[in-house]
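Okay, so here's the structure we're looking at.
When reading the values below, keep in mind they use all heavy atoms of this one structure, side chains included, and skip hydrogens, waters and symmetry mates. Start at 1 with the first residue, then count along the sequence.
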Amino acid sequence: KAVSRARKALDEHPESHAHRSELAGAYRSLGMARLAMEKPGKGAESFERELALWMAVPDSKPTADQWSYLGQACYLVGKHKEARRALTKSIELRGETSPSIDGPRWWYLVMTLARLGETEKAREYLYELLGMRRASADGQSKHPYLVREAVQLLYRARRKDDKASTPAS
């Protein structure tokens with residue numbers, strides 16, 4: 001309902017920054033709800049629409065969080081190249097030059113890189129994240145499902161590499 005109301009208002013007043021902002025926010029809320037309901041494809045679609053609204057306004061720029069949401073949703077639907085682009089943009093906008101356990105973006109980037117076959121870079125980031133997580137008082141409780149998936153992906157990649165380098169008998 002919120003999307004259709006905001007869409008109608010923007011259609012009636014296409015130059016209104018307030019209506020554009022309202023529609024973008026409705027798409028973000030819808031995207032987050034869809035992710036929570038385990039519908040990542042629909043979530044990615046909503047975040048893409050939100051970003052498109054912001055990109056259409058010359059002096060308006062999507063935020064780091066908006067890029068991060070899109071990256072997470074793209075990862076979840078298997079759009080790994082798009083996920084890397086969006087997550088990298090989020091990280092750049094934050095001015096981060098090394099991993100951070102503040103939020104899920106770096107964990108998603110590790111998993112994305114692993115799925116794209118960039119295992120060395122993924123492993124480097126993973127080890128940094130795990131070290132920060134161990135050193136943080138509350139880090140152990142943050143994103144356990146992402147930590148588990150990242151570790152499993154890189155473990156499988158290492159086993160695959162080991163098998164490929166073992167000479168056949």
Side-chain angles (χ1 to χ4, degrees), residues 1-116 118 121-122 125-126 129 132-133 136 138-150 152-153:
K1 284 185 174 183
V3 169
S4 59
R5 272 195 314 269
R7 167 59 58 203
K8 184 178 182 202
L10 184 60
D11 288 345
E12 291 171 3
H13 306 281
E15 301 303 316
S16 169
H17 185 70
H19 291 307
R20 183 173 301 279
S21 177
E22 182 182 347
L23 181 57
Y27 276 126
R28 181 181 329 111
S29 296
L30 181 60
M32 296 190 64
R34 286 173 164 174
L35 284 181
M37 294 183 320
E38 298 182 4
K39 295 182 179 180
K42 294 290 187 185
E45 180 183 298
S46 296
F47 293 129
E48 286 169 349
R49 287 182 178 185
E50 176 195 10
L51 287 175
L53 283 166
W54 289 122
M55 304 286 255
V57 179
D59 55 344
S60 178
K61 293 182 174 69
T63 67
D65 282 345
Q66 291 165 329
W67 283 108
S68 183
Y69 297 144
L70 176 61
Q72 293 168 44
C74 286
Y75 173 83
L76 292 169
V77 295
K79 295 180 175 181
H80 299 117
K81 288 180 182 176
E82 294 90 339
R84 177 179 44 194
R85 182 182 64 81
L87 292 164
T88 300
K89 185 74 173 170
S90 171
I91 289 164
E92 287 172 3
L93 287 173
R94 290 174 189 279
E96 296 173 342
T97 56
S98 61
S100 167
I101 58 171
D102 175 35
R105 66 195 164 279
W106 282 95
W107 297 104
Y108 274 101
L109 182 61
V110 165
M111 296 182 303
T112 297
L113 293 172
R115 292 206 182 265
L116 290 171
E118 299 176 36
K121 192 58 150 173
Y125 290 155
L126 177 65
L129 289 166
M132 284 184 263
R133 191 170 182 263
S136 172
D138 66 342
Q140 293 294 323
S141 63
K142 287 186 175 181
H143 315 298
Y145 57 98
L146 297 177
V147 175
R148 188 171 37 258
E149 184 173 347
Q152 288 172 346
L153 279 170

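- The minimum heavy-atom distance linking Gly71 with Ala83 is given by the pair O-CB, 3.4 Å.
- Contact annotation: the side chain of Tyr75 never approaches that of Arg84 to less than 4.5 Å [non-hydrogen atoms, C-beta and beyond].
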TODO: Evaluate the criterion side chain to side chain contact (heavy atoms under 4.5 Å, CB included) for residue pair Arg94 and Asp65; output intermediate values, then yes/no.
DONE: CA-CA 9 Å; Arg94 290 174 189 279; Asp65 282 345; 2.4 Å; yes
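- Between Ala122 and Leu113, the closest heavy-atom pair is CB-CB, 3.8 Å.
- We find the OG-OH distance between Ser46 and Tyr69 to be 13.5 Å, quoted to the nearest 0.5 Å.
- Here the CG atom belonging to Leu30 is positioned 14.0 Å from the NZ atom belonging to Lys1, to the nearest 0.5 angstrom.
- Across Glu48, Glu22, Glu50, a single residue satisfies salt bridge (charged side-chain N to carboxylate O under 4.0 Å, His left out) together with Arg28, and that is Glu50.
- Residue Leu126 holds its CG atom at 10.0 Å from CZ of Arg133, rounded to the nearest 0.5 Å.
- In this structure, Tyr27 OH and Gln66 CD are separated by 14.0 Å, a value rounded to the nearest 0.5 Å.
- Annotation: side chain of Met37 is not in contact with side chain of Lys42 (no heavy-atom distance under 4.5 Å).
- Taking the six-membered ring where the residue is Trp, His19 and His13 present parallel rings, their angle staying beneath 30° rather than reaching 60°.
- Ser90 places no side-chain N or O within donor-acceptor distance of the main-chain N or O of Ala86, the cut-off being under 3.5 Å.
- Going from atom CD1 of Ile101 over to atom CG of Leu146 covers 12.5 Å, rounded to the nearest 0.5 Å.
- In this structure, CG in Leu87 is found 5.5 Å from OG1 in Thr112, a value given to the nearest 0.5 Å.
- Under a cut-off of 6.0 angstrom, the local environment of CD in Glu15 is sparse, with at most 12 non-hydrogen atoms contributed by other residues, nucleotides or ligands.
- The pair Glu149-Arg115 meets the salt-bridge criterion, since a charged nitrogen lies less than 4.0 angstrom from a carboxylate oxygen.
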- [ ] I would like to know whether His143 and Tyr145 meet side chain to side chain contact (heavy atoms under 4.5 Å, CB included); could you show each step before the answer?
- [x] CA-CA 6 Å; His143 315 298; Tyr145 57 98; 4.1 Å; yes
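- Trp106 and Glu96 share a side-chain donor-acceptor pair at under 3.5 Å.
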Task: Worked check of side chain to side chain contact (heavy atoms under 4.5 Å, CB included) between Thr63 and Leu93 - done: CA-CA 7 Å; Thr63 67; Leu93 287 173; over 6 Å; no
